[in-house]
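Residue numbers start from 1 in every chain, and the chains themselves are labelled A, B, ... in the order their sequence lines are given, proteins ahead of strands. All values below were derived from every heavy atom in this structure, side-chain atoms included, with hydrogens, water molecules and symmetry-related copies excluded.
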Number of protein chains: 2
Amino acid sequence: MTTTKKAAPPSERRTHLIRLAADLFAEKGFRATTVREIADAAGILSGSLYHHFDSKESIGDEILREFLDDVVGGYRSAVAGTDDPRVAIERMVRFSTAALSRHRAALTMLQNDWAYFSAQKRFAYLRTAMREIEQTWIDQLERGKRDGQFRADLDARLIYRLLRDILWIPTSWKQSRGKSWKTDEIVDGLLRLLFDGINAR
Amino acid sequence: MTTTKKAAPPSERRTHLIRLAADLFAEKGFRATTVREIADAAGILSGSLYHHFDSKESIGDEILREFLDDVVGGYRSAVAGTDDPRVAIERMVRFSTAALSRHRAALTMLQNDWAYFSAQKRFAYLRTAMREIEQTWIDQLERGKRDGQFRADLDARLIYRLLRDILWIPTSWKQSRGKSWKTDEIVDGLLRLLFDGINAR
DNA sequence: TAGGACCGAGCAAGCGTTTGGGCAAGTAGG
DNA sequence: CCTACTTGCCCAAACGCTTGCTCGGTCCTA
């Protein structure tokens with residue numbers, strides 16, 4: 001026996017089911033979504049899901065992995081091409097908003113059910129990836145301080161923490177009734193706020 | 001029969017139980033916390049809780065009401081004393097961070113279980129209060145624009161949305177391992193970021 | 001005729017809640 | 001001072017329902 005029991009053969013149907021599940025996770029969170037709801041969305045019975053997945057957690061696992069791979073890869077290439085921290089940060093901000101809207105489900109899951117996931121060994125890679133992401137941000141902020149481009153009294157870690165959480169805020173606005181902003185408007189407003197603040201002059 | 005069945009007599013024990021429940025809600029959210037966990041924390045059986053409350057929702061209701069009363073009242077008196085929008089906003093920011101750390105449970109509940117609560121008539125006051133809060137912020141921001149104190153191209157509603165979510169971010173950092181910031185550091189960093197951005201000069 | 005996709009029915013565990021009763025501390029009445 | 005009754009708090013056991021998941025069998029397609 002050299003193979004694992006169920007290594008996740010990526011059939012077309014399976015991929016579609018994950019997308020359906022992700023849509024539900026994006027709105028209600030992971031724990032608050034039931035397997036029966038997922039099955040309903042797919043037009044099958046809940047038990048039939050287990051022909052494709054060996055557990056509900058496996059679905060969540062795949063969604064989270066895809067998200068983190070995307071983000072980590074994007075950040076690496078964002079800082080690769082330049083040594084101007086302001087440029088790098090703007091790239092990271094723009095990439096983040098795009099990536100986050102691509103992975104709304106992962107975001108909601110991390111926000112609502114972080115305690116649930118991070119407590120399991122199976123999801124240890126969450127912490128690993130988060131650490132690399134944090135380091136990338138801090139490196140750029142510190143570099144900007146040394147260059148004299150950013151304020152010298154800046155607490156890089158504090159700013160990172162704020163930014164990290166700020167960046168994924170607009171993602172949760174998608175279905176807000178009334179006027180809604182385009183992604184460009186949001187990211188521009190955000191960048192302006194980040195670099196210059198709200199003061200005139 | 002002229003009185004309601006169970007109008008919530010505020011006994012001492014009852015108040016204590018609410019506090020215990022709030023601590024759990026603050027860490028796991030409302031739906032993810034079970035009545036048995038609350039009872040365990042109090043050293044009693046789950047059924048015994050129903051001597052004090054008629055439902056789990058009633059506990060949540062009381063926590064949310066207290067929070068919103070606090071915030072709405074605080075904002076009213078924050079804008080009352082001055083007609084300088086920059087002063088008013090700084091007051092609101094400082095008051096918010098204080099209030100939010102006083103009501104961590106309510107915050108987590110609104111963040112994790114907003115869809116659950118806002119769908120029920122019983123919690124209609126949530127939307128009402130939120131609307132007043134939003135209007136208060138927007139009024140001050142618009143006033144600052146007219147004064148020429150804030151950038152004229154500022155989207156007040158967008159900035160409010162960002163601020164609202166940004167402000168309650170640090171509250172979720174309470175038990176972050178490693179270095180943790182004092183509330184003053186956070187709010188100062190936040191105010192600096194808000195007004196001036198991260199750029200030098 | 002073999003295999004992938006699904007059904008139908010059900011399981012154990014966990015959920016919020018109900019019910020009936022026990023036990024101690026107070027408060028009258030004789 | 002003893003008794004009877006109320007009141008506040010809690011236990012023990014269970015209810016009906018939902019949860020994630022299992023399993024044998026059936027259908028369709030190739």
Side-chain angles (χ1 to χ4, degrees), chain A residues 3 5-22 24-25 27-64 105 109 112-113 115-117 119-120 122-123, chain B residues 3 5-22 24-25 27-64 105 109 112-113 115-117 119-120 122-123:
Chain A
T3 64
K5 228 181 180 178
K6 211 175 196 179
S11 82
E12 210 166 301
R13 177 64 168 157
R14 184 190 157 95
T15 310
H16 182 235
L17 290 174
I18 291 183
R19 195 148 310 176
L20 289 178
L24 292 170
F25 293 159
E27 278 163 31
K28 309 183 51 179
F30 180 79
R31 298 174 79 171
T33 303
T34 71
V35 293
R36 271 169 249 263
E37 287 173 322
I38 301 173
D40 277 358
I44 60 179
L45 291 184
S46 70
S48 305
L49 281 177
Y50 291 80
H51 174 70
H52 303 275
F53 312 97
D54 59 341
S55 75
K56 181 188 171 188
E57 273 177 18
S58 296
I59 306 180
D61 186 273
E62 235 156 296
I63 293 174
L64 290 176
M109 290 162 69
N112 279 31
D113 310 296
Y116 173 77
F117 288 121
Q120 300 178 240
R122 172 174 194 172
F123 295 95
Chain B
T3 65
K5 230 181 179 179
K6 213 173 194 179
S11 80
E12 211 167 301
R13 176 63 168 160
R14 183 190 158 97
T15 310
H16 179 59
L17 290 174
I18 291 184
R19 196 149 309 175
L20 289 178
L24 292 170
F25 293 159
E27 278 162 32
K28 310 185 49 178
F30 180 78
R31 295 174 80 169
T33 302
T34 71
V35 293
R36 272 170 248 264
E37 287 173 322
I38 301 173
D40 276 358
I44 61 179
L45 291 184
S46 69
S48 306
L49 282 177
Y50 290 80
H51 172 72
H52 304 275
F53 312 97
D54 57 344
S55 76
K56 182 188 172 189
E57 274 177 17
S58 297
I59 307 180
D61 186 273
E62 235 157 295
I63 293 174
L64 290 175
M109 291 163 68
N112 280 31
D113 310 296
Y116 173 78
F117 287 121
Q120 302 178 240
R122 173 175 193 171
F123 294 96

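A straight line from CG of B:Leu24 to P of C:dG16 spans 12 Å, rounded to a whole angstrom. In this structure, A:Glu37 places its CD atom 12 Å from P of D:dT18, rounding to the nearest Å. For the pair A:Ile44 CD1 and D:dC21 C1', the interatomic distance rounds to 14 Å; values are reported in whole Å. Rounded to whole angstrom, the span from the CG atom of B:Leu17 across to the P atom of D:dG8 amounts to 15 Å. Remark: C1' of C:dT17 and CD of B:Glu57 are 12 Å apart, rounded to the nearest angstrom. Atom CD1 of B:Ile38 is separated from atom P of C:dC15 by 11 Å (rounded to the nearest Å). Taking atom CZ on B:Phe53 and atom C1' on D:dC9, their separation rounds to 13 Å, with Å as the unit.
Closest to the side chain of A:Tyr50, out of C:dA5, D:dG20, C:dT17, is D:dG20. The side chain of A:His51 has C:dG4 as its nearest neighbour among C:dG4, D:dC21, C:dC15.
The backbone N or O of A:Phe30 lies less than 3.5 Å from a partner atom in the side chain of A:Asp113, making a donor-acceptor pair.
The CZ atom of B:Phe53 lies 11.5 Å from the CG atom of B:Asp61; values are rounded to the nearest 0.5 Å. With rounding to the nearest 0.5 Å, the separation of CD1 in B:Ile59 from CG in B:Asp54 is 9.5 Å.
Within 3.5 Å, no donor on the side chain of B:Ser46 pairs with an acceptor on the base of C:dC15, nor the reverse. Between the side chain of B:Arg36 and the base of C:dG14 there is no donor-acceptor pair of N/O atoms closer than 3.5 Å.
Counted within 6.0 Å of CZ on A:Arg13, heavy atoms from surrounding residues, nucleotides or ligands total more than 12; the atom is thus considered enclosed.
As judged by a 4.0 angstrom heavy-atom cut-off over every strand, B:Leu45 is placed among the base-contacting residues.
Each of A:Val35 and B:Glu12 has a nearest nucleotide on DNA chain D; the 5'-most of these lies closest to B:Glu12.
Cation-pi check for B:Lys28 over A:Tyr116 is not met; the charged atom does not lie both under 6.0 angstrom from the ring centroid and within 45 degrees of its normal.
Close to D:dT19, at under 4.0 Å from its OP1 or OP2, lies no side-chain N or O of A:Arg31. Contact between the side-chain N/O atoms of B:Ser48 and the OP1/OP2 oxygens of D:dC11 is found at a separation under 4.0 Å. OP1 or OP2 of D:dC10 has at least one side-chain nitrogen or oxygen of B:Arg13 nearer than 4.0 Å. The side chain of A:His52 places an N or O atom within less than 4.0 Å of a non-bridging phosphate oxygen (OP1 or OP2) of C:dC6.
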